[in-house]
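Let me begin by presenting the structure, written as structure tokens, before commenting on it.
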Amino acid sequence: MKRIGGVSLRAGFAPCVQLAAAVRAVLTRQMTAFQPYLTAWNLRPDGAPIVTAGARLLPVRTGETPAMLKLSDDPHERGGAALMVHWNGDGAARVLRHADHALLIERATGAGSLSAMARDEKDCGQDDLASRILCATAARLHVPRPDPPPTLVPLDRWFRSLWTAAGARDRFFGRSADVARALLAAPRDPVVLHGDLHHDNVLDFGPRGWLAIDPKGLIGERGFDYANIFTNPDLARAEPPVAVRPDRFLRRLDIVTEAAGLDRRRLLMWIVAWCGLSAAWFAEDGADMSIDLRVADLAAAELDRMGQG
């Protein structure tokens, strides 16, 4: 039997076959979950399943229209699905069908990417444009509409992980929690919130423009929805750095304050509060919190400069 590097080709063949069989078994189980909706809604698979922490997704076609089928038992994901229905395609992807824990939405097929724009090292104006697009999307989503879904989560409940982290007497979490409590004690401009508005949750839908996906379904002060802009796209991929650069942070602060019509100081406070909450979630998972800590420091330094540290 031929050997390469002292390893028998036959010896390596069985594990490869077993791995392929295991992959096929996983895909089969995933497709089994989608099958009732593929049948009931006359959908054709149009790609491989995608598994996230809270959902399973499958690219499909309904007739010739590209769509995305999403299944989830997570209460936050289901609350977000109800909010997608509520928005009715205005500022968010259009819901084509929904039932129980299944959601069928139009699929983004445009070539644009806000993350790629933000990371364009040759033209920082692309990051400026990405920030403006995110602000414009948030403004559309925040427009009052009748009969919001009853599943919306109050913003103070969303911060429970930060309260827990602050209880450990960590200085960073304590500071963030103090700022968050001050904001939540006297909310301004309450609206229906997306809850996770960042560069990878606003996609290019071609002729329909830039639209949001994957909301969490919150209700509270509108300033909260803009804070996540300042930690991304670094939270998805840290290289090349964007959000943690002091010059880019201050430039974004000017743009978002102007585009969203927000009080600069209060936006900085929301950034500190958001970074604490995001870091608390990472801490719960034993993951790296460094980006949240660095962005929070940038916001806190600007607050200090303004005399409000």
Side-chain angles (χ1 to χ4, degrees), residues 13-113 115 141 147-153 192 194-218 236-237 281 285:
F13 181 72
C16 289
V17 171
Q18 292 167 2
L19 178 60
V23 170
R24 284 197 300 271
V26 170
L27 290 174
T28 299
R29 287 196 298 272
Q30 292 173 353
M31 291 303 297
T32 299
F34 292 114
Q35 194 58 54
Y37 300 97
L38 295 175
T39 302
W41 294 344
N42 194 26
L43 307 174
R44 302 193 315 276
D46 194 36
I50 303 163
V51 179
T52 70
R56 290 168 290 181
L57 301 100
L58 181 68
V60 297
R61 285 187 177 267
T62 172
E64 294 305 315
T65 302
M68 187 70 74
L69 177 59
K70 180 176 182 179
L71 306 181
S72 181
D73 291 318
D74 182 276
H76 298 309
E77 294 287 347
R78 297 183 73 173
L83 184 52
M84 292 285 286
V85 174
H86 174 69
W87 280 328
N88 195 29
D90 184 6
R94 183 181 290 116
V95 175
L96 306 176
R97 301 288 294 267
H98 61 97
D100 300 327
H101 64 291
L103 186 72
L104 182 69
I105 63 171
E106 60 179 319
R107 193 186 339 152
T109 56
S113 163
S115 288
L141 300 179
D147 303 320
T151 53
L152 296 175
V153 177
V192 171
H194 180 285
D196 195 22
L197 197 71
H198 59 73
H199 297 69
D200 293 319
N201 274 346
V202 175
L203 306 180
D204 180 2
F205 281 76
R208 293 250 296 135
W210 295 93
L211 301 172
I213 62 166
D214 199 24
K216 300 310 170 196
L218 313 180
R237 192 179 83 231
W281 289 334
D285 294 336

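Source: prediction; values computed, not measured.
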Do the side chains of H101 and K70 get nearer than 4.5 Å, heavy atoms only?
no

Scanning both residues in full, the closest heavy-atom pair of D200 with S115 reads OD1-OG, 2.6 Å

Separation between CG of N42 and CZ of R97, rounded to the nearest 0.5 Å:
9.5 Å

Please lay out, stage by stage, how E106 and M68 fare under the test side chain to side chain contact (heavy atoms under 4.5 Å, CB included).
CA-CA 6 Å; E106 60 179 319; M68 187 70 74; over 6 Å; no

Please confirm whether the backbone N or O of V60 pairs with a side-chain atom of R44, one donor and one acceptor, at under 3.5 Å?
no

To check you understand the geometry: which heavy-atom pair defines the closest contact between H86 and D147, and what is its length?
ND1-O, 3.4 Å

Hey, what do you get for CG (L69) to CD1 (I50), rounding to the nearest 0.5 Å?
11.0 Å

Closest contact, heavy atoms only, A93 versus I105
CB-CD1, 4.1 Å

Is there a side-chain contact between L104 and Y37 (heavy atoms, below 4.5 Å)?
no

Minimum heavy-atom distance D204-A111, with the two atoms named
OD2-N, 3.2 Å

Plane angle bin for W87 and H194 - parallel if under 30°, tilted between 30 and 60°, otherwise perpendicular:
parallel

Give a yes or no on this: more than 12 heavy atoms of other residues, nucleotides or ligands lie within 6.0 Å of atom CG of D74.
yes

Can you tell me how far CG of L71 sits from CG of L103, rounded to the nearest 0.5 angstrom?
9.5 Å

If you take all heavy atoms of W210 and G112, which pair is closest and at what distance?
CH2-C, 3.6 Å

Quick check on R56: does its CZ atom have over 12 non-hydrogen neighbours (other residues, nucleotides or ligands) under 6.0 Å away?
no

Backbone N or O of T65 within a donor-acceptor pair of the T62 side chain at under 3.5 Å?
no

Of all the heavy-atom pairs spanning M84 and A212, show the shortest one and how long it is.
CE-O, 4.0 Å

Positive for side-chain contact (heavy atoms from CB on, under 4.5 Å) with P215, one of V192, L197, L83, D196:
L83

Looking at side-chain heavy atoms only, is the closest gap between D100 and H98 below 4.5 Å?
no

Examine distances only and state if a side-chain atom of D46 and a backbone atom of P59 form a donor-acceptor pair shorter than 3.5 Å.
no

Is there a side-chain contact between R107 and R61 (heavy atoms, below 4.5 Å)?
yes

Would you check if L38 and P45 make a side-chain contact, meaning some heavy-atom pair closer than 4.5 Å?
yes

Any sub-3.5 Å donor-acceptor pair from R78's side-chain atoms to T151's backbone N or O?
no

To the closest 0.5 Å, what do you measure between CG (D214) and OG1 (T52)?
7.0 Å

